[in-house]
Trainee: 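The structure is given below, and queries will be raised subsequently.
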Number of protein chains: 2
Amino acid sequence: MEVIPRKNIHDAAEGLRALAHDIRLSVLCHLLQGPMCVRELMEVTGASQSNLSQHLAKMRLMGVLVNEKRGQQVFYRIANPAFEQLIKALKAIYCPDNCR
Amino acid sequence: MEVIPRKNIHDAAEGLRALAHDIRLSVLCHLLQGPMCVRELMEVTGASQSNLSQHLAKMRLMGVLVNEKRGQQVFYRIANPAFEQLIKALKAIYCPDNCR
DNA sequence: TTGACGCATTATTATATTCTAATATAATTC
DNA sequence: GAATTATATTAGAATATAATAATGCGTCAA
């Protein structure tokens with residue numbers, strides 16, 4: 001009946017919390033275009049190294065992102081392609097529709 | 001280029017915060033089935049009157065819900081039908097897919 | 001017009017989140 | 001192997017969020 005069953009509400013809310021921050025949401029949006037390393041994410045988000053690293057850690061622990069070390073860099077990507085739909089829905093709500 | 005433009009990121013993240021709590025997410029899900037009054041929402045969410053009222057106030061201020069007083073009851077409904085897509089996307093991620 | 005009901009608001013305390021700064025680690029280059 | 005680069009981790013202070021309890025306020029019925 002209800003769209004999200006009671007037993008999944010907690011996980012879903014926790015998932016939302018993993019995205020409910022300017023920096024983390026920005027990271028997710030940029031990663032929709034493909035994997036990026038931390039330094040690149042620093043540039044596009046404007047966050048400090050330490051701060052970004054902590055946000056990335058949270059998103060990793062929450063299962064939103066996965067990472068892979070390549071040489072001395074660490075690349076992050078979105079763990080589940082279904083996040084794209086979530087972002088699209090969010091855009092439909094928060095971007096006055098001829099968004100840009 | 002990016003799915004949510006920089007200037008809208010803050011509002012979108014704030015919107016996510018408005019939903020990123022068990023009680024608030026539960027409220028939103030139940031309201032997908034139609035408007036409900038506070039007492040009914042108390043029953044379905046299990047929240048205390050005061051606590052629920054505060055969550056409803058937040059969702060109202062954040063533009064997620066609108067309310068309407070009818071006699072001595074206050075009915076709440078979802079402000080924007082586009083939230084349904086958001087919930088569907090969330091379900092796709094957090095409900096192991098033959099959900100229930 | 002008093003009492004009960006439905007809801008909102010406020011104050012307080014408890015807890016969680018976020019940021020900055022400092023330090024650590026691992027890979028790379030010289 | 002010392003310095004440099006890329007990233008992670010920790011500690012601490014600042015701020016935000018959440019819950020409970022108490023009170024307020026409008027509406028209705030008796």
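Letters A, B, ... mirror the listed sequences (proteins, then strands); counts begin at 1. Because the structure is predicted, anything quoted here is derived from the model rather than measured.
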Trainee: Side chain of A:Arg24 only, please: which of D:dT5, D:dT7, C:dT18 is the nearest?
Mentor: C:dT18
Trainee: B:Leu25 CG to D:dT17 P: how many Å, rounded?
Mentor: 17 Å
Trainee: Backbone N or O of A:Val66 within a donor-acceptor pair of the A:Arg60 side chain at under 3.5 Å?
Mentor: no
Trainee: Following the transitive rule for hydrophobic clusters with a side-chain heavy-atom cut-off under 4.5 Å over Ile, Leu, Val, Met, Phe, Trp and Tyr, establish whether A:Leu25 and A:Val44 coincide in one cluster.
Mentor: yes
Trainee: What is the distance, rounded to the nearest whole Å, between atom CD of B:Glu68 and atom C1' of C:dA8?
Mentor: 18 Å
Trainee: Provide, to the nearest angstrom, the distance between the CD atom belonging to B:Glu43 and the C1' atom belonging to C:dC5.
Mentor: 14 Å
Trainee: Looking only at side-chain atoms of A:Val38, point me to the closest of D:dT27, D:dA8, C:dA8.
Mentor: D:dA8
Trainee: Using whole Å, report how far NZ of A:Lys69 lies from P of C:dA26.
Mentor: 7 Å
Trainee: Specify the separation, in whole Å, of atom CD of B:Glu40 and atom P of C:dG6.
Mentor: 11 Å
Trainee: Given atom CZ of B:Arg17 and atom C1' of C:dT18, what is their separation to the nearest angstrom?
Mentor: 11 Å
Trainee: Could you work out which one of D:dT7, C:dC19, C:dC7 sits closest to the side chain of A:His21?
Mentor: C:dC19
Trainee: In residues 51-62 of chain B, what residues come within less than 4.0 Å of DNA chain D, judged by heavy atoms?
Mentor: B:Asn51, B:Gln54, B:His55, B:Lys58
Trainee: Checking A:Glu84 now: which residues fulfil side-chain contact (heavy atoms from CB on, under 4.5 Å) with it, not counting sequence neighbours?
Mentor: A:Leu32, A:Lys88
Trainee: Looking at B:Cys37, is its backbone amide N or carbonyl O close enough to the side chain of B:Glu40 to form a donor-acceptor pair, meaning the two atoms are under 3.5 Å apart?
Mentor: yes
Trainee: Measure CD/B:Gln49 against P/C:dT10 and give the value in whole Å, please.
Mentor: 14 Å
Trainee: Would you say A:Val27 and A:Leu52 make side-chain contact, with heavy atoms under 4.5 Å?
Mentor: yes
Trainee: Is a donor on one side and an acceptor on the other found under 3.5 Å between the side chain of A:Thr45 and the backbone of A:Leu41?
Mentor: yes
Trainee: Using a distance-only criterion (donor-acceptor N/O pair, under 3.5 Å, no hydrogens), is the base of D:dT9 paired with the side chain of A:Ser50?
Mentor: yes
Trainee: Scan A:Gln73 against the nucleic acid and name what it touches under 4.0 Å (heavy atoms): base, sugar-phosphate only, or nothing.
Mentor: sugar-phosphate
Trainee: Is the shortest side-chain N to carboxylate O distance from B:Arg17 to A:Asp22 below 4.0 Å?
Mentor: yes
Trainee: For a quick check of understanding: with a heavy-atom distance under 4.0 Å over all strands, which category does B:Tyr76 fall into, base, sugar-phosphate or nothing?
Mentor: sugar-phosphate
Trainee: Find the distance B:Gln72:CD to D:dT27:P and express it as a whole number of Å.
Mentor: 10 Å
